[in-house]
Protein chains: 2
Amino acid sequence: MRIGELSERTDTSRRLLRYYEEQQLIVSTRSPNGYREYDERFVDRVMQIRGLLDAGLPTRIIKQILPCLDKPRTIHFPDATPEMLATLTLERDRMTERINCLIRNRDSVAEYLDAVSGGLADGARQDAVMAGSRTDLKSA
Amino acid sequence: MRIGELSERTDTSRRLLRYYEEQQLIVSTRSPNGYREYDERFVDRVMQIRGLLDAGLPTRIIKQILPCLDKPRTIHFPDATPEMLATLTLERDRMTERINCLIRNRDSVAEYLDAVSGGLADGARQDAVMAGSRTDLKSA
DNA sequence: TTGAACCCTCACATATATGTGAGGGTCAAC
DNA sequence: GTTGACCCTCACATATATGTGAGGGTTCAA
């Protein structure tokens with residue numbers, strides 16, 4: 001597909017897709033006319049990138065962890081240098097910290113919302129609370 | 001305590017503490033000479049702010065959720081407007097999305113690391129994983 | 001009284017992720 | 001062959017979180 005379709009399917013501006021390419025988070029082949037061409041798997045890839053960016057990881061780090069994320073556990077450890085492994089270990093731990101921080105705070109917000117809506121359970125309040133109530137995540 | 005001590009105890013530059021105050025994430029009282037004064041509870045508060053910033057939340061949002069985070073469940077729901085509740089609900093869900101995204105990716109990275117270190121579990125690999133404390137990979 | 005070590009405000013600088021638009025090709029349909 | 005919807009590169013603009021430093025007070029101890 002070309003950049004326009006990828007843009008629509010990932011809800012990501014063309015500008016950003018080119019930027020991600022510049023940052024080497026994605027690559028593209030080029031048609032004879034110079035247009036970028038992407039295959040299906042870039043839809044997921046781009047959404048993954050956006051999620052990570054939104055969760056505070058910079059492109060520089062995302063670029064490093066992306067190779068760990070290919071679905072079929074393709075073997076790319078041969079090229080893993082010790083520094084790379086150290087970086088990944090560090091980032092794994094930083095991600096865990098972020099997760100714990102978010103869980104703590106998300107739960108506080110949820111608790112607050114529950115308290116408010118629990119206090120007065122009528123209509124006007126209802127729609128505000130409706131949207132979502134998933135509250136338990138188990139993690140390291 | 002004054003800004004210098006808070007800065008050291010939270011590992012946050014004075015500049016940033018003033019910035020957080022400007023963004024209304026924290027407040028300070030002023031000594032007669034104009035110096036900012038903080039009490040103990042700002043140590044935790046600042047660390048909470050840093051964690052949330054690092055997890056991708058902008059100050060504008062952090063400001064909104066902070067009131068939900070005071071340890072003794074002080075009653076501030078009286079002032080909660082419906083728009084505020086809708087915002088909180090939205091943010092709670094966005095936090096949950098971030099959490100899931102991070103968990104998914106963190107687990108992939110962890111799995112990758114386990115695969116690599118599990119593959120050859122001897123000394124040579126060990127120091128590679130050990131090394132990570134100060135890791136700054138730069139790119140061109 | 002001087003100096004060090006704090007503090008203040010203000011302002012400019014930087015990095016990162018993003019938007020916007022100019023100037024210009026490609027291509028299919030009319 | 002013109003039009004419209006794509007695509008390209010390049011460059012400037014913006015927002016947010018941060019660094020850095022100038023110019024200047026306050027406090028305290030040598």
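Just so we're on the same page: letters track the sequence lines, and every chain starts at 1.
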Item checked: Where Ser31(A) and Glu37(A) come nearest, the two heavy atoms and their spacing -> OG-CG, 3.2 Å
Check: Picking from Arg15(B), Arg45(B), Arg30(B), what satisfies salt bridge (Lys or Arg N to Asp or Glu O under 4.0 Å) with Glu21(B)?
Finding: Arg30(B)
Check: Does Val46(B) reach the side chain of Arg9(B), with side-chain heavy atoms less than 4.5 Å apart?
Finding: no
Next item on the list: Using a heavy-atom cut-off of under 4.0 Å over every strand shown, decide if Ser31(B) touches base, sugar-phosphate, or nothing.
Entry: nothing
Check: When the nearest nucleotide of DNA chain D is assigned to Pro58(B) and to Glu5(A) on a heavy-atom basis, which residue is associated with the more 5' position?
Finding: Glu5(A)
Item checked: Nearest-nucleotide 5' precedence on DNA chain C, Leu57(A) against Arg15(B) -> Arg15(B)
Next item on the list: Check the distance between dC6(D)'s C1' and Arg18(A)'s CZ and give it to me in whole angstrom.
Entry: 11 Å
Notebook entry, point to check: Do the non-hydrogen side-chain atoms of Leu25(A) and Tyr19(A) ever get within less than 4.5 Å of each other?
Noted result: no
Check: Quick one: are Glu91(A) and Arg106(B) in side-chain contact, heavy atoms under 4.5 Å?
Finding: no
Notebook entry, point to check: Ser13(B) near the nucleic acid: base, sugar-phosphate alone, or nothing, with a heavy-atom cut-off under 4.0 Å?
Noted result: sugar-phosphate
Item checked: Within 6.0 angstrom of Asn33(A) CG, more than 12 heavy atoms from elsewhere -> yes
Item checked: Atom-pair distance (CG on Asn33(A); C1' on dA5(D)), nearest Å -> 14 Å
Margin query: Regarding Arg30(A), tell me which of base, sugar-phosphate or nothing describes its non-hydrogen contacts under 4.0 Å with the strands shown.
Written below: sugar-phosphate
Item checked: Opening and closing nucleotides of DNA chain C in contact with chain A, under 4.0 Å to non-hydrogen atoms -> dT16(C) to dC27(C)
Next item on the list: Please tell me which of Arg60(B) and Tyr35(A) maps to the more 5' nucleotide of DNA chain D, matching each residue to the nucleotide holding its nearest heavy atom.
Entry: Tyr35(A)
Checklist line | Which residue lies more 5' along DNA chain C, comparing Ile62(A) with Arg36(B) via nearest heavy atoms | finding: Arg36(B)
